[in-house]
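Structure first, then comments.
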Amino acid sequence: MTAPSPRPPLRQLLSKAVKAPERVQTQDGGAVLALSIHCLFAQAGFTNVQATASVYAPQPDWNSSHEAWAFKYRKKGYVNTFTYECGLRQSTGQAYVHVTEDGNSSNVSFMGLILHKYLPDVAKLRQDNWEGVVVNETDLTTYFDNYILTPVLSKALLGSSDERDAGSNSRTKVTVAAGIASLLCVLVWGIKRKQQS
């Protein structure tokens, strides 16, 4: 068995999504953190169902909010689509990453991140290149692999898109309820962490 090829540096993946950080409308870097996770999904073989350009490009309206971002993906060999949401609590700099497999309510993963650990220098957000914008890349990719990618794929339903299309409508309400419950858990976790500090 051959070892997986090493992942390209995140700055290279980001430049495939958006040419430069100065083109991302963000004051605090939340959108860049969300875009970084999106690039990790694209690099792992997920295809954004709403994008029109390259596999790394986000959908046109991806950055219409300053606190929440959402992407929907397909992955070859899997029945359902996957929804990735990233939210930022601006007052604390706490971000959450939440992923669900649409149509499989038991497949939900999430993790919390501290924005300034990965984007400590907001002045770099005005650069014309991605060099040094996102730091602690090894931690970010390790957390992504361990808490998002591996758990989601290990519980995902394998099969074709025909199977997905035949059964997805009946499970939509359950999936939405599971997603809302998971988001509430993340918010409660953030509040408890704030109270402890």
Side-chain angles (χ1 to χ4, degrees), residues 7-44 46 48 56-59 61-73 82-100 108-152 179-197:
R7 183 178 277 139
L10 194 51
R11 69 181 182 283
Q12 288 179 7
L13 302 180
L14 285 163
S15 68
K16 292 178 181 182
V18 176
K19 186 175 180 178
E22 66 185 1
R23 294 183 179 205
V24 178
Q25 299 299 312
T26 183
Q27 296 295 316
D28 51 26
V32 172
L33 185 61
L35 185 65
S36 297
I37 300 292
H38 161 72
C39 287
L40 295 176
F41 272 109
Q43 197 273 329
F46 288 77
N48 185 345
Y56 288 92
Q59 66 268 18
D61 65 344
W62 77 277
N63 195 18
S64 59
S65 168
H66 295 292
E67 296 177 339
W69 304 267
F71 301 84
K72 186 174 287 287
Y73 304 102
F82 300 85
T83 299
Y84 150 53
E85 298 166 307
C86 183
L88 175 66
R89 190 172 195 188
Q90 291 178 327
S91 62
T92 63
Q94 295 171 322
Y96 69 86
V97 174
H98 177 266
V99 180
T100 58
V108 177
S109 292
F110 63 90
M111 69 177 174
L113 300 169
I114 304 297
L115 180 64
H116 68 82
K117 179 178 179 180
Y118 305 101
L119 289 113
D121 187 355
V122 293
K124 291 190 179 221
L125 298 173
R126 293 184 289 279
Q127 291 181 171
D128 63 357
N129 65 70
W130 287 102
E131 190 68 41
V133 174
V134 179
V135 299
N136 294 315
E137 181 177 334
T138 301
D139 288 349
L140 183 61
T141 58
T142 299
Y143 294 151
F144 172 78
D145 290 341
N146 293 340
Y147 296 109
I148 299 296
L149 185 63
T150 300
V152 164
I180 291 169
S182 295
L183 289 173
L184 288 173
C185 288
V186 171
L187 290 173
V188 168
W189 170 80
I191 291 168
K192 286 183 178 180
R193 287 211 34 158
K194 184 177 180 184
Q195 289 172 346
Q196 291 173 351
S197 54

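In this text the structure is predicted, and so the values were computed from the model without any measurement. When a residue number appears, it is its place in the shown sequence, counting from 1.
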Using modelled atom types only, decide if a donor and an acceptor are shared between the side chain of Asn63 and the backbone of Val24 within a distance under 3.5 Å.
no
Would you say the side-chain atoms of Thr141 pair up with the backbone N or O of Glu137, donor to acceptor, closer than 3.5 Å?
yes
How long is the straight-line distance from SG of Cys86 back to CD1 of Ile37, given to the nearest 0.5 Å?
7.0 Å
Look at the side chain of Gln43 and the backbone N and O of Leu10, then say whether any donor-acceptor pair between them is shorter than 3.5 Å.
no
Apply the test side chain to side chain contact (heavy atoms under 4.5 Å, CB included) to residues Tyr56 and Val18: give CA-CA distance (whole Å), side-chain angles for both, the deciding distance (0.1 Å), then the verdict.
CA-CA 8 Å; Tyr56 288 92; Val18 176; over 6 Å; no
Rounded to the nearest 0.5 Å, how far apart are CD of Glu85 and NZ of Lys72?
8.5 Å
Pairwise side-chain contact, Val152 with Thr100, heavy-atom cut-off 4.5 Å (strictly under)
no
Output, in order, the C-alpha distance, side-chain angles, deciding distance and verdict of side chain to side chain contact (heavy atoms under 4.5 Å, CB included) for Val97 and Tyr147.
CA-CA 10 Å; Val97 174; Tyr147 296 109; over 6 Å; no
Would Gln94 and Thr92 count as having a side-chain donor-acceptor pair, cut-off 3.5 Å?
yes
Is it true that Arg7 and Asp145 make a salt bridge, defined as a side-chain N closer than 4.0 Å to a carboxylate O?
yes
State which residue, out of Phe71, Trp62, Phe82, fulfils the ring pair (Phe, Tyr, Trp, His ring centres under 6.0 Å) condition with His38.
Phe71
Could you check whether any side-chain heavy atom of Ser15 comes within less than 4.5 Å of a side-chain heavy atom of Asn129, counting everything from C-beta outward?
no
Is it the case that the side chain of Gln90 and the backbone of His66 share a donor-acceptor pair, with hydrogens and angles ignored and the cut-off at 3.5 Å?
yes
If we only count heavy atoms from C-beta on, is the Val133 to Leu119 side-chain gap below 4.5 Å?
yes
Let's go through Tyr143 and Leu40 carefully: what are the C-alpha distance in whole Å and the side-chain angles of both, what is the deciding distance for side chain to side chain contact (heavy atoms under 4.5 Å, CB included) to 0.1 Å, and is it a yes or a no?
CA-CA 11 Å; Tyr143 294 151; Leu40 295 176; over 6 Å; no
With heavy-atom distances below 4.5 Å as the criterion, would you say the side chains of Val108 and Val99 are in contact?
no
Return the set of residues passing side-chain hydrogen bond (donor to acceptor under 3.5 Å, both in side chains) with Lys19 (not counting sequence neighbours), or none when no residue passes.
none
Give a yes or no answer on whether the side chain of Asn136 reaches the backbone of Lys117 with a donor-acceptor pair at less than 3.5 Å.
yes
Find out whether Gln27 and Val122 are in side-chain contact, i.e. whether some heavy atom of one side chain is under 4.5 Å from a heavy atom of the other.
no
Mind checking whether Leu35 and Trp69 have side chains closer than 4.5 Å, heavy atoms only?
no
With sequence neighbours excluded, tell me which residues meet side chain to side chain contact (heavy atoms under 4.5 Å, CB included) with Ala20.
Glu22
Using 0.5 Å steps for rounding, measure from the CZ atom of Arg11 to the SG atom of Cys39.
13.5 Å
Tell me, with the steps shown, if Val32 and Trp130 meet side chain to side chain contact (heavy atoms under 4.5 Å, CB included).
CA-CA 10 Å; Val32 172; Trp130 287 102; 3.7 Å; yes
Which heavy atom in Gly30 sits nearest to a heavy atom in Leu88, and how many Å separate them?
CA-CD2, 3.9 Å
I'd like to check Leu140 versus Leu113 (side-chain heavy atoms, cut-off strictly below 4.5 Å). Are they in contact?
yes
Using the ring of each side chain (for Trp, its six-membered ring), is Phe41 parallel, tilted or perpendicular to Tyr73, with breaks at 30° and 60°?
parallel
Any side-chain heavy atom of Pro21 within less than 4.5 Å of one from Lys124?
no
